[in-house]
Amino acid sequence: MAIIGIGLDLVTISEFGEQLERVGTTMLRESFTAAERRYCQSKATDPTRSYAARWAAKEAVLKAWASSRFARRPQIGDNPYPLIEVVNDAWGRPSIRLHGLAAEFLPRVRVHLSLTHDGDTAAAMVVLEDPGELADLIEGREASS
């Protein structure tokens, strides 16, 4: 196993909220899955905090993925955000589910995620772990069959 990428992102919640409130914006529909929107909207006190944390997670995944590609941004289209979904388990713990080209490019990669928000800041930390052939190549071992 090898760590193949790390990513960290911070979002200013108030600025993110202003972006979501702009007239004509399609950001929610185009960047978040229906399940993510339902989850965030269920947070009656302030859905923007949950959206901001999820946006930070998506950005952190892209940064971790880019670092695994030697700082080249993944080539998965103009809008990679709906391909990276933040899901919650029965206890509310967040994790990442990849879709489409993101899942194809990172088929065995385990994505470790930590989210937080405090005050006017939301943050996400992502670690990409590859248990397979890529890990062997990075660590200088012959690829396992």
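Excluded from the calculations below are hydrogen atoms, water molecules and symmetry mates; all remaining heavy atoms, backbone and side chain alike, are included. Along the sequence shown, residues carry numbers from 1.
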### Message
Test: salt bridge (charged side-chain N to carboxylate O under 4.0 Å, His left out). Region: residues 16-37. Which pairs qualify, not counting sequence neighbours?
### Response
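Non-adjacent pairs meeting salt bridge (charged side-chain N to carboxylate O under 4.0 Å, His left out): E36-K58.
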### Task
Output, in order, the C-alpha distance, side-chain angles, deciding distance and verdict of side-chain contact (heavy atoms from CB on, under 4.5 Å) for T121 and I13.
CA-CA 6 Å; T121 303; I13 296 169; 5.7 Å; no
### Task
Would you give the length of the straight line joining atom OG1 of T48 to atom NE2 of H117, rounded to the nearest 0.5 angstrom?
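Here the interatomic distance stands at 11.0 Å.
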Where do [X] and [Y] come nearest, in terms of heavy atoms and distance?
X	Y	answer
A60	A124	CB-O, 3.8 Å
P82	T33	O-CG2, 3.8 Å
Q41	P47	OE1-CB, 4.0 Å
L10	A123	CD2-CB, 3.3 Å
P80	L62	CG-CD1, 3.8 Å
L115	A53	CD2-O, 3.4 Å

### Task
Might you work through the side-chain contact (heavy atoms from CB on, under 4.5 Å) test for V126 and V111, ending with a clear yes or no?
CA-CA 7 Å; V126 166; V111 182; 3.7 Å; yes
### Message
Under a 3.5 Å distance rule, please check whether D120 uses its side chain to pair with a backbone N or O of S14 as donor and acceptor.
### Response
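Looks like yes, one N/O pair under 3.5 Å.
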#### Entry: Exam field: side chain R49 to backbone G119, donor-acceptor pair closer than 3.5 Å
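Side chain of R49 to backbone of G119: a pair is present.
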### Query
What residue among L128, I84, I4 forms side-chain contact (heavy atoms from CB on, under 4.5 Å) with W65?
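Exactly one pass, corresponding to L128.
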For a 4.5 angstrom cut-off between non-hydrogen side-chain atoms, does [X] reach [Y]?
X	Y	result
D130	R108	yes
L28	L20	yes
L113	M125	no
R110	P131	no
E85	F32	no

### Task
For residues F16 and Y51, establish whether the separation of their ring centroids is below 6.0 Å.
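No, the ring of F16 stays outside the 6.0 Å limit from the ring of Y51, centre to centre.
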### Query
Considering residues, nucleotides and ligands other than D118, do more than 12 of their heavy atoms fall under 6.0 Å from its CG?
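Atom CG in D118 is not crowded, with 12 or fewer foreign heavy atoms closer than 6.0 Å.
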Which donor-acceptor pairs under 3.5 Å do the side chains of residues 90-98 make with protein atoms, sequence neighbours left out?
from: R93; atom 1: NE; to: D89; atom 2: OD2; distance (Å): 2.6
from: R93; atom 1: NH2; to: D89; atom 2: OD2; distance (Å): 2.8

### Task
Treat each ILVMFWY residue as a node, draw an edge where side-chain heavy atoms are under 4.5 Å apart, and state whether Y39 and Y81 are in one component.
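Looking at the clustering, Y81 is in a separate group from Y39.
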### Query
Do the side chains of V87 and L83 join up, straight or via other hydrophobic residues, at under 4.5 Å, putting them in one cluster?
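They do not share one cluster, since no chain of ILVMFWY contacts under 4.5 Å joins V87 to L83.
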